[in-house]
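Each chain gets a letter, A, B and so on, in the order the sequences are listed, and its residues count up from 1.
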Amino acid sequence: MPNQGNLANWLQKPKTTKASAPEAAKPDAQSSSPKAVPTPPASSQSPALSPKPSTEKAAPEGAPQGMFDKQLRPTRKRSQPSEAKQSPIASSPRTSDSEEASPALPQRKRTRLGARASGRPKAKAKIIVDSASSSDESFVLGAPSPAHSDGGNGSSELSDTLEKSPKDKPSEDSSPAILGTSAAELAAKLTAADTAPIKAKGKKATKKAKKAKGAKSAAQKAPDPSYTTPDEVLTTFAELITDTVPYAALCYMFEQVEATTKRLLILDMLTQFFYRVITHAPQDLLHCVYLCINRLAPQYEGVELGVGESLLIKAVAEATGRNATKVKSDLAKLGDIGLVAKESRSNQRTVAFAMTAKHFGSSASRQLKVGYVFKTLKQIATTSGHASMKLKVDRIKGLLAGCQNSEAKYLMRSLEGKLRIGLAEQTVLAALAHAFVHHRSEPLPEDLEDRVQVLQEAAATVKSVYNELPNYDKIVPTLLDQGLDILPQVCKLTAGIPVKPMLAHPTKAISEVLDRFEGHTFTCEYKYDGERAQIHRLETGETMIFSRNAEDMTAKYPDVVDKINRAVQSTTQSFILDCEAVAWDRVQDKILPFQVLSTRKRKDVKESEITVQVCIFAFDLLFLNGQSLLRTPLEDRQKILGDAFQRVQGDFEFAKAVRTSEVEEIQTFLDESIHDNCEGLMVKMLDGDEASYEPSKRSRNWLKVKKDYIMGLGDSLDLVVVGAYLGRGKRTGVYGGYLLACYNPDNEHYETICKIGTGFSEVDLASHRDLLQESIIAQPRSYYEFSDAANKPDVWFDPKMVWEVKAADLSISPVYKAAVGRVDSTKGISLRFPRFIRIRDDKSPEDATNSDQVADMYHGQKINAVKANDGSDDDY
DNA sequence: GTTTATTTAGTGC
DNA sequence: CTCCGACGCATTCGG
DNA sequence: CCGAATGCGTCGGAGGCACTAAATAAAC
């Protein structure tokens, strides 16, 4: 409120937005390099480092394999700013090195190089970023190699390099094909590895590869620096990670990752990081993995931080001695609590230090270790009960106090639950796989193409293992103790542990389905509107139920156990069923809306007190009597499913399905499903390789067709924009969402109906901000009906803009005001899955969808007719 | 001190 | 849940 | 035959509503 004015201004120009935020961020990373980034400031962080690192670090440690690196000693951190640019370096050093490297497995070599280089020049800037500051350059493999190796064109890029370099490749292309694609680059990388290996990724490379080989040498030489972790980064990892992993090392890696958008580079950096951890501090690998994916335990264990934005604001405020209001306004400006914390800290050093002393004791080292951070986060998660919030805040403050540089930023983001650095689970799995490939004793194949393939297969293996047993507590130790090769034998599908469910791709029209499945046999089944339920029966006879996100829902559905028992055939012992649990009206034998299902209690549910009955609609079987069916084609799985279970009217049903390839029939079936209160259809491939169950994959083998996806169908409304919310993260500087209202002609009021935050392109976001700039008003109009507590926007607008919005359904809302009194005496109507479609220039606010129309649309959803009888209303 | 209302976090879609 | 955008890979098009 | 353009799938990250549960704050 107070600052609306400011906000307004602030928003005005496109601005800064990015400038500010981003810059802030990145800079540190690299530019800062000079400053402190990595190993930072000598002073503080280094304390630890400097001492031991150098010498022994590696050596002493018995780190596995250390072969290569050992030597690496830290050249010292590159902290020295000075050298930064100056080092011309590139040329000289690298050249030499490069040669070594380029050839086959340069990896090892690189290390040395690096080492020697100690003096190292710095060379390359990081890739992405422009090199601006960073100085590194040096030998990164990429760069160098090309040049030298081939000798051919050396690209001079060293300096510039960066992304552009890719282009250069052509030049050399002796092996054009390869180069062109990533394959080449991969190759390049290979060469480089340092301590770690490099990775590469091109899948298809294979074909080309051959040619490449021919030209092999040539090909390899031409590496593309872009996807190879810069030596500077490698060196920093080596310096920071000795026998244990400092949180600073992890954060340094995060910074490097955040500074780029290239996926392959991110993957490589993470691979290098993990490799270093595996070889020098394997006991910390699990912690690092968890911190990278921002989780504390397997999902099904239900360990949650229980920390949200308000607690974080409080923690930051207290830790830095500022007041919460100020922190909030900074948050609005920066769009990231992590940045706020970081900025605050730098301005409040003394306070921070004071805190440090208080929480860590003087003796405590100032350097946070990942193990400690992880442990503390877990403590925060398990804290509960009276005054637990204060305790959590204190713990957060304690951690914050020990943070230096960017650590505070990432710590806050971890607490917030989103790292937002462009790296998430899939990347972690692939990097883990790659790191272990490099770590295992057998050498990588010499042939580039083969290497790529080995890496890809490893990634696929790890991902698949994880999907079948989503538990890093088991996977990571297994990898460390027994290696990649036997991982699949040790970690496999188990009844009692949730499998990542297979997902479906949205489809915009039936014709799209036909295009995709032409020539294949497929089945169409109802898409029920309930909750995904993966029902397990263990060997012990125990039954467990997991949600779509692998959450243990067993306690929520005690009644389902009995239903299942009545549906199992005598020969059926252990199994994993894939189903949808749907709210069911036993009196009328009808499906009830999702909103009804969601009112079921979740904990301590006693069978006798259940108010909302459920019917299970089974549609797949993943495991039966100790046997995995994941690779069995759907057609067979369905058959087995049908044999192993029997229908129990109203309690356990098989999803209604039809096999047809006729457009008309599909259309009819779709209409029918909608009529039966379902969301639409699921269309699945029945046979062939593509018909296996692919956990977690949103493959094209399962498609979903919902009425609202289809043009012209679904609920579309024209609503008035009355307010907006400041964007966060990548929406910093524009509005992240808007508050919409419908028009009530009776009293000429605007009644809020929903917020909207998706469907906008980036251009839309910017133009909407500009277009609405003039409509900003300091206070809401008296004729706006909204819920003060809940949807108060950051900025209010006069009613001018009208947008077409699409939604899947209309719902009774506890907070929105649309059509109040028409459907429910006190509650309004809102929209389910609202998204922006387009601006309606042709409509004035008074022409927007009105309250009666909203009420009619709500009643028009036949499912609600059912609802009407339960209750609150009388309309019918 | 208990009971009730409000706020926050987490999960579903 | 919906949607967008960037990347990487593959295929196609134009010279 | 090659580089440019186009198409497709993956991954990550913006954002939505409703509801329960837990903790705090407010009332009695």
Side-chain angles (χ1 to χ4, degrees), chain A residues 167 170 173 176-177 180-183 185 201-205 207-208 227 260-267 299 302 304-311 335 384-390 392 417-427 430 505-506 529-532 547-549 551 553 556 581 593-604 679 697-700 706 708-709 725 727-732 734-738 740 753-765 789-791 805-816 829-837:
Chain A
K167 289 142 175 221
D173 30 35
T181 62
S182 56
E185 310 160 354
K201 208 162 207 177
K203 309 186 161 195
K204 301 58 205 290
K207 330 169 171 181
K208 308 179 163 192
Y227 301 140
T260 182
T261 60
K262 302 292 183 215
R263 291 190 199 160
L264 295 179
L265 178 55
I266 289 173
L267 175 57
Q299 282 164 306
E304 299 306 327
L305 276 172
V307 168
E309 185 175 289
S310 57
L311 269 196
S384 67
H386 214 16
S388 58
M389 294 316 193
K390 185 177 184 334
K392 290 187 186 199
K418 291 128 51 119
L419 237 29
R420 304 211 293 11
I421 56 176
L423 170 166
E425 190 136 66
Q426 296 308 305
T427 310
H505 250 37
D529 189 10
E531 182 173 8
R532 187 97 176 241
S547 76
R548 180 192 127 116
N549 291 320
E551 214 70 47
M553 308 293 269
K556 180 176 175 180
F594 176 78
Q595 206 172 351
V596 171
L597 177 66
S598 70
T599 64
R600 274 184 67 123
K601 294 281 180 275
R602 289 193 293 241
K603 298 195 165 176
D604 302 322
E679 295 184 290
K697 275 233 168 118
R698 202 174 277 283
S699 81
R700 289 301 233 186
K706 292 173 69 170
D708 59 299
Y709 294 161
Y725 304 84
R728 303 281 187 86
K730 62 184 176 187
R731 295 219 179 145
T732 302
V734 294
Y735 295 117
Y738 293 85
L740 304 180
I753 186 168
C754 69
K755 289 191 288 186
I756 192 162
T758 192
F760 311 110
S761 65
E762 289 181 349
V763 171
D764 290 337
L765 289 168
N791 312 300
V805 164
K806 193 157 209 170
D809 285 306
L810 286 85
S811 56
I812 295 286
S813 171
V815 296
Y816 291 103
I829 300 285
S830 188
L831 306 183
R832 188 183 190 192
F833 310 144
R835 59 265 199 193
F836 171 81
I837 300 298

From C-beta outward on [X], which listed nucleotide comes closest to its side chain: [options]?
| X | options | result |
| --- | --- | --- |
| A:Glu531 | B:dG12, D:dT20, D:dG12 | B:dG12 |
| A:Thr758 | C:dT2, D:dC19, D:dG12 | C:dT2 |
| A:Thr261 | C:dG5, C:dA6, C:dC3 | C:dA6 |
| A:Gln595 | D:dT24, B:dG10, D:dC19 | D:dC19 |
| A:Ser830 | D:dA18, B:dT11, D:dA23 | D:dA18 |
| A:Ser811 | D:dG12, D:dA18, B:dG12 | D:dA18 |
| A:Arg731 | C:dG5, D:dA14, D:dA21 | D:dA14 |
| A:Glu679 | C:dG5, B:dC13, D:dC19 | B:dC13 |
| A:Arg602 | C:dG8, D:dA14, D:dA21 | D:dA21 |

Subject >> Least distance between heavy atoms, A:Ser830 atom then A:Tyr816 atom >> reply: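 Scanning both residues completely, I find the closest heavy atoms to be OG-CD1, 3.4 Å.
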
Specify the separation, in whole Å, of atom [atom1] of [X] and atom [atom2] of [N].
| X | N | atom1 | atom2 | result |
| --- | --- | --- | --- | --- |
| A:Asp529 | D:dA18 | CG | C1' | 12 Å |
| A:Ile266 | C:dG8 | CD1 | P | 9 Å |
| A:Leu264 | D:dG12 | CG | P | 13 Å |
| A:Lys601 | D:dA22 | NZ | P | 11 Å |
| A:Asp809 | B:dC13 | CG | C1' | 10 Å |

Would you indicate what [X] reaches in the nucleic acid, counting non-hydrogen atoms under 4.0 angstrom: base, sugar-phosphate, or nothing?
| X | result |
| --- | --- |
| A:Lys706 | sugar-phosphate |
| A:Leu597 | nothing |
| A:Phe836 | nothing |
| A:Pro506 | nothing |

**OP:** With DNA chain B as reference, determine whether A:Arg832 or A:Leu311 sits nearer its 5' end, using the nearest nucleotide of each.
**Re:** A:Leu311

**OP:** Give a yes/no answer on whether the side chain of A:Tyr709 brings an N or O atom under 4.0 Å of OP1 or OP2 in C:dC3.
**Re:**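 Result: no.
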
Original post:
Is any side-chain N of the basic residue among A:Asp708 and A:Arg832 closer than 4.0 Å to the acidic one's carboxylate O?
Top reply: no

Subject >> Short N-O contact, A:Arg728 and A:Glu309, less than 4.0 angstrom >> reply: yes

**OP:** Check whether the side chain of A:Arg263 and the base of C:dA6 form a donor-acceptor pair under 3.5 Å.
**Re:** yes

Original post:
Is there a donor on the side chain of A:Arg835 or the base of C:dT2 sitting less than 3.5 Å from an acceptor on the other?
Top reply: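 Per atom types, no contact qualifies.
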
Sort me out a list of protein N/O and nucleotides 26-28 of chain D N/O pairs below 3.5 Å, or just none if empty.
none

Subject >> Near-ring test A:Tyr738/A:Phe760, centroid separation under 6.0 angstrom >> reply: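 For A:Phe760 and A:Tyr738, the ring centres are under 6.0 Å apart.
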
